[in-house]
2 protein chains.
Amino acid sequence: MKPKDQNKVEAVYKAMLVLVRQRGLAGITMAEVAREAKMATGTLYIYFKNKESLVAALTDKCVQHMAGGLFKDYNADNDFKTGFQKIWMNIVRHRIAFFNESLFIEQSFHSPFLNDEIRLALKKNFDPLILLLQRGKDEKTIKDIDSFWMLAFIIGGINEIARRVNYFNKKASQQVLETNFQMCWDGIKAT
Amino acid sequence: MKPKDQNKVEAVYKAMLVLVRQRGLAGITMAEVAREAKMATGTLYIYFKNKESLVAALTDKCVQHMAGGLFKDYNADNDFKTGFQKIWMNIVRHRIAFFNESLFIEQSFHSPFLNDEIRLALKKNFDPLILLLQRGKDEKTIKDIDSFWMLAFIIGGINEIARRVNYFNKKASQQVLETNFQMCWDGIKAT
DNA sequence: GTTTTAAGTGAATAATAATTCATTTAATTT
DNA sequence: AAATTAAATGAATTATTATTCACTTAAAAC
């Protein structure tokens with residue numbers, strides 16, 4: 001028997017991300033996705049039951065991916081600022097490199113497809129970061145501000161960097177990232 | 001002759017914003033928009049040539065709206081921080097109150113519809129703010145950081161506040177806004 | 001109050017897009 | 001190397017959605 005070509009699933013995901021970036025979830029058809037992924041329309045339906053489950057599967061994958069790597073190279077023994085900077089850099093680099101994925105999540109968030117389970121998973125991504133912030137507050141290293149809003153401040157800035165790198169075709173050099181981190185840090189550090 | 005009911009255009013815009021918030025640009029049909037706006041499908045086509053021009057018209061309107069009010073109650077005689085805070089508050093309040101409009105712009109940004117003219121108009125919105133930042137840098141009140149990135153820092157934080165207010169149904173009290181402004185200010189102020 | 005004109009209606013039609021399926025292709029097994 | 005099995009194909013079908021249009025309604029002109 002002829003085995004399933006597992007590369008195809010990846011090819012479909014990649015095609016979706018490219019097309020959604022270009023035209024939005026509103027603007028793509030299964031035929032286009034198949035063409036972009038270099039396969040026949042019918043083949044799509046061997047790997048995915050229908051459009052809805054394709055969107056759901058990719059959303060899930062992107063959400064998973066976003067969670068992994070958050071604490072990469074993080075060392076709990078480091079002082080708070082060092083650890084926080086590590087994580088900040090991890091997030092910003094991920095958001096820049098996988099901007100299409102953030103975008104896709106964002107779009108599927110506002111679609112007839114997405115369910116509450118995925119919404120919750122998205123929020124849970126940041127639980128470890130909230131714990132870290134608590135440590136910083138306990139040590140009086142950072143301001144005593146509700147983590148919900150402090151996280152908004154941190155993540156908002158990061159998101160906008162990724163947006164601008166992608167929309168305005170800017171390069172975010174190490175220099176630029178460090179400058180941006182400095183603004184973030186000065187914003188949250190205890191006074 | 002029977003005159004056009006100009007309220008209908010507004011009703012259609014409102015319906016679009018409500019539905020796009022719920023289901024995304026991908027998930028709405030002209031029939032649904034008409035139903036939500038309490039009119040027959042055919043009536044939509046009296047006011048808008050087709051779906052594309054409806055999306056374009058609403059995007060344009062939202063972009064215009066976002067620009068107005070940025071400098072409301074701003075007094076150039078005030079010291080830099082006072083003036084900046086005024087504008088920061090204007091933006092954050094607008095983004096919260098008209099979150100559906102930001103969302104719609106965002107979605108139409110990634111659609112087969114949007115043109116470069118609108119993209120440019122969006123960017124130009126912030127030109128006056130960039131000028132203001134320059135003043136702050138000249139006076140050495142704020143850090144000497146490229147306005148492009150400083151604006152990313154400022155606007156990113158604001159956007160995320162608006163998102164969280166809307167998605168997590170949080171109330172952004174004056175207290176919360178002031179705390180958030182403080183983080184932003186500490187981030188950009190000269191050290 | 002009759003005529004005229006354009007708005008408003010919603011079922012009918014046209015266009016587009018999702019999904020299926022008869023057929024072909026290519027691994028694997030015997 | 002023939003038989004078997006499931007993947008792959010893409011045209012045909014079905015479903016959905018945009019758009020039109022013959023008709024109705026209501027305001028304005030006369």
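By convention in this document, chain letters (A, B, ...) are assigned in the order of the sequence lines, proteins followed by strands, and residues within each chain are numbered from 1. As the structure is a computational prediction, the values presented were derived from the model and not from experiment.
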In this structure, how many angstroms lie between the C1' atom of C:dG10 and the OH atom of B:Tyr45, rounded? 13 Å
Grab the CG-P distance between A:Asp5 and C:dT28 for me, whole Å please. 12 Å
Using whole Å, what does the distance between atom C1' of nucleotide C:dA7 and atom CG of B:Asn7 come to? 14 Å
Mind checking B:Thr43 for me? I need base, sugar-phosphate or nothing, with any heavy atom below 4.0 Å counting as a touch. base
Between B:Tyr47 and C:dA7, is there a side-chain N or O to OP1/OP2 distance below 4.0 Å? no
Atom CZ of B:Phe48 and atom C1' of C:dG8: how far apart are they, to the nearest Å? 15 Å
Quick check for you: among C:dT19, C:dA7, C:dG10, whose closest atom lies nearest to any side-chain atom of B:Ala40? C:dG10
Are A:Ser147 and A:Lys137 close enough that a side-chain donor and a side-chain acceptor fall under 3.5 Å? yes
Under a 4.0 Å N-O cut-off, is there an ion pair linking A:Glu106 with B:Arg163? yes
Ring of A:Phe80, cation from A:Arg135 - is the NZ or CZ under 6.0 Å from the centre and inside 45° of the axis? no
Rounding to a whole Å, what distance do you find between B:Arg35:CZ and C:dT9:P? 14 Å
I'd like to know if the side chain of A:His110 pairs up with that of B:Gln107 as donor and acceptor (distance under 3.5 Å, no hydrogens or angles considered). no
Have A:Thr179 and A:Gln175 got a donor and an acceptor in their side chains that come within less than 3.5 Å? yes
Within the 3.5 Å criterion, strictly below it, is a donor on B:Gln174 or B:Glu178 matched to an acceptor on the partner's side chain? yes
Rounded off to whole Å, could you give me the CD1-to-P distance for the A:Ile46 and C:dT20 pair? 12 Å
Just how far, in rounded Å, is C1' of C:dA14 from CE of B:Met30? 15 Å
Under 4.0 Å from a heavy atom of chain B: give me the 5'-most and 3'-most nucleotides of DNA chain D that qualify. D:dT17 to D:dA28
Using a strict 4.0 Å threshold on nitrogen-to-oxygen distance, state whether A:Glu32 and A:Arg23 make a salt bridge. yes
5'-most contact on DNA chain D (nearest-nucleotide basis), B:Pro3 vs A:Gly42, goes to A:Gly42
Sugar-phosphate, base or nothing in reach of A:Leu54, heavy atoms under 4.0 Å: nothing
Look at all strands and tell whether A:Lys8 reaches a base, only sugar-phosphate, or nothing, counting heavy atoms closer than 4.0 Å. sugar-phosphate
The side chain of A:Lys2 is closest to which nucleotide in this list: C:dG8, C:dA27, C:dA18? C:dA27
How long is the line joining CG of A:Leu25 and P of C:dA18, in whole Å? 11 Å
